[in-house]
Amino acid sequence: MASVTFAPDDRYNAFITTLSEAETGPGRLSGIPVAVKDNISTRGIPTTCASRILAGYIPPYDAHVVTLLKREGAAIVGKTNMDEFGMGTTTENSAFGPTLNPADPTRVPGGSSGGSAAAVASGMVRMALGTDTGGSIRCPAAFCGIVGLKPTYGRVSRYGLIAYANSLEQIGPMARSVEDISLLMEVLTTHDSRDSTTISCPYRHTPDPSVRGLKIGVPEEFFGEGVDPRVAAVVWEAVTRLEQQGAEIVTCRMPSMSFALAAYYVTCTSEASSNLARFDGVRYGPQADTRRPWHESFQDQRREGFGAEVRRRIMLGTFALSSGYYGKYYAKAQAARQQVRNDFVRLFRTVDVIAGPTMPTVAFRLGEKTDPLSMYLSDILTVPANLAGVPAISVPCGTSEGLPVGLQVIGQWFRDEKVIDVAAAYEQGASL
Amino acid sequence: MSDNSATQPASPGMAIDDEVIIGLEIHCQLDTRTKLFCGCSTDYRDDPPNTHVCPICLGLPGSLPRVNLKAVEFSLRVGKALNCGIAHEAEFARKNYFYPDLNKGFQITQYDKPIAVKGYLDIEGEDGEKRVRITRVHMEEDPGRLVHKGGADRPKYTLVDYNRAGIPLIEIVTEPDLRSPKEARRFLNKLRATLEYLGVFDSEKEGSLRVDANISIQPKGWFEREGKGKADRGRVEVKNISSYKGVEKALTFEITRQKNLIRRGQKLETATRHFVETRGVTTSSRSKEMEQDYRYFPEPDLRPLRVCDWAAEIMLPELPDARRARFMEQYCCSPIHARTLTGELKLAEFYEKVADIDTALAATWLADTLLGELNYRDMSIVVVPPEQFRELLELLKEGSVTDKTGVEVLRVLLDQLKETGSCEGPRACVDRLGLRVITATPTLAGEDPVVKAAKEAIAEQPQAVADYLAGRKEALNFLVGQVMKKTRGCAKPGDVNTVLANLLEEG
Ligand SMILES: [Zn+2]
């Protein structure tokens, strides 16, 4: 079997593991180096989720998406850095140190798929897989100036993705061009019956950059409080350009935005508190002290193995699911989630896609976000798509303070093709 | 099943105005070929630990569960057979807790949306036919199994075997409608029979059944007035009962214990206790299981089950009550025989294989004789070859063996089966042991073995002869007994009577 040699200068700390010789074969991705986020299981290659608790864990099986990449001949050249278990917006919460933003190494690349974004943006790989629970593909794509798509929930199998928040997250493509995003989508959407939350809906599509007659909804909330006016201006300009290409711009409201963030954090921390319970030191992580009673040993393992942000979210989620609080938090979050869905259903009766900024600001400086709450707030524009399960893409649309800004396009369920078309339209219009 | 405890009172010495209130939670292993959420085989018996495992049942990071539709179908059969309503939308949920045998840190079970609710099962209660209400039936996976090494009391270390992890279980919860350990036992027997008739359960499999029992003693009629959840006196949950006999034992022990506390005027705390099968006692459990918060929430990796239409299409096989009625009509079985013969699927099937010889003879020999001999030897009906039993019935029907020697032959054959797993043919056995019936010749010739034995008995027992001739007719029975002994039971009792009477009259 042929192989691809991979010897990158990883000055941005984009990778946790690299393979100097990566196998490749015939297929649509033949010979193309692809990076895979380190929460996606790869047989025989350590998969750490950027956590100490998974030190030494080598999956005995490939995630479905990895099988699909290999089937098309892709060379999987490495596993990329991330916020531990996907919990973060900066790729600073990693047991392997922060990843730097290739656009400005004093800044974060965004997160949690920051390693994949940096690997693509710096040219080390042509494409990468990320995962998006509340913006984890779109945020680093915007911060690093590349394209990233969160597919419709249920379009890409999660089998082999180490779960953070099962009901919210999807694996998705990251690349420098919309065309490569489209190519990866063709590969990734082959159905997998092992993920019961998927629907068979293969993506077979060539991006169509015509937006004539397309109705684009622009929610006021996407340009409201908390959004940097300079970023808002860049994105407005991008939206205007789409209008010039023949699209119709419709301003609209998304009232559910006011509680989307709370619904998101209650849901993802609840699910995480359960998903991460298996890391108890019996099967993964450093050898436990067998002389200690099992419950004490479990506590030690978890206290020492998880980073601070992961511990914080496990505790929040454990609290939200506790009896007496379940109704107040988890159940209420699900009701709020339904309202977010309802908002999208209502909007999509009159518009084809929704557009706005991906992130309220440009990339933060390393170490800038010390207060967890202010970091959580920066997810406000990306979480609605995860709560509703709709597809959303981030495409570079210019710069502010010399740093990349992303245009986010959100589409209807299983119309990933449409958001890709709009992104392609912007991309081509911008290059004219 | 024979019920040899039928004559014991439920709880000797209990205050006359108290009654026992029992509810059961029964975990049964569904007899599917593969596990509940993966394709691993459920038949791990005799295989080394951790050989029937995959990323899913090991709970490896990134693996996802996929529901075994056979297990869903089996659960629907159970729900329907227990007269339950099938949920419009059933849902799996996560039960979160830490334990070393728990591969994912949670168990996938059903919580507020079980697959079936509100049914009943009719049993033979203390005072006739009784309806026991079923609260719910839900599906869940079994965790792994801990193997303690280096002594059970103080193990040096513990290993985990995940062969059991992901085995499909159903939990059946009853309302507290049972009033004695005997009723609990009968409920379990009926439930087992029902599950076996449905083809969803194999009671021979290790760990196929586990029972938790809720038990309290309340003033008579209190339960009907107050309902559950408002226990006047404390309620005890006995966990960890893993056999049918164990349930009756554990409950009987617990009733005595609670009754003693009540008599001494002590307060009975609501608590969890564990049944120690080997000692037949329940012990206080220090674990805080009662207070544990399992933080249930819907399993996000599985879609809800919408199976009402499917359930409607499922045809149930003949169940124990229907078969019992049929046995009484088709084979003219007595009610008691019909109940016994249909109380176990294998037994009912066995009966139908041999009934054509003589329905009444087969019923008696199967229900009264064979079952007793099997129980005595702790053997199951499945080891008995029906064709051998047919041959024995034929010998009995044609009069080639007497009832007495028939039992003797049966015992010999069962002993052989227990020892070697096979047995000789009943005809061959009869001939080998010389147990064929001796028929007396009507001429009373001296060489006839019955006449010979009768003459010997008369010569040896002059007192009995004198008594008989003096008019004490019961002396004849004694002489008959002597003759039977001399002919090793092979003579027909009727023949012996006639021969003796004739000889004595001749004087
Ligand atoms: Zn398995």
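Residue numbers start from 1 in every chain, and the chains themselves are labelled A, B, ... in the order their sequence lines are given, proteins ahead of strands. No hydrogens, no waters, no symmetry mates; every other heavy atom, side chains included, goes into these values.
Side-chain contact check for B:Thr158 versus A:Trp294: every heavy-atom pair is 4.5 Å or farther apart. A heavy-atom distance below 4.5 Å is not found between the side chains of A:Ser270 and B:Phe297. Counting heavy atoms from C-beta on, the side chains of A:Gln334 and B:Pro298 never come closer than 4.5 Å.
If you measure heavy-atom distances from B:Tyr99 to chain A, the contacts under 4.5 Å come from both the backbone and the side chain. Contact of A:Ser193 with chain B is made through backbone and side chain together, with heavy-atom distances under 4.5 Å. Contact of A:Asn39 with chain B is not made at all, since no heavy-atom distance falls under 4.5 Å. When heavy atoms are compared at a cutoff of 4.5 Å, A:Tyr159 approaches chain B by way of both its backbone and its side chain. The contact between A:Thr318 and chain B is made by backbone and side chain atoms together, counting heavy-atom distances below 4.5 Å. At a 4.5 Å heavy-atom cutoff, the contact between A:Arg283 and chain B is made by side-chain atoms alone.
For the set B:Pro300, B:Cys38, B:Gly105, the entry with the most heavy-atom pairs within less than 4.5 Å of chain A is B:Pro300.
Below 4.5 Å, heavy atoms of chain B meet heavy atoms from A:Pro60, A:Tyr61, all part of residues 58-71 of chain A. At a heavy-atom separation below 4.5 angstrom, chain B is approached by A:Ser322, A:Ser323, A:Tyr326, A:Tyr330 within residues 322-331 of chain A.
A salt bridge links B:Asp301 with A:Arg158; the closest basic N to acidic carboxylate O contact falls under 4.0 Å.
Residues B:Arg303 and A:Ser196 bring no donor and acceptor atom of their side chains to less than 3.5 Å of each other.
Across A:Tyr284 and B:Gly59, no two heavy atoms sit closer than the pair OH-O, 3.6 Å.
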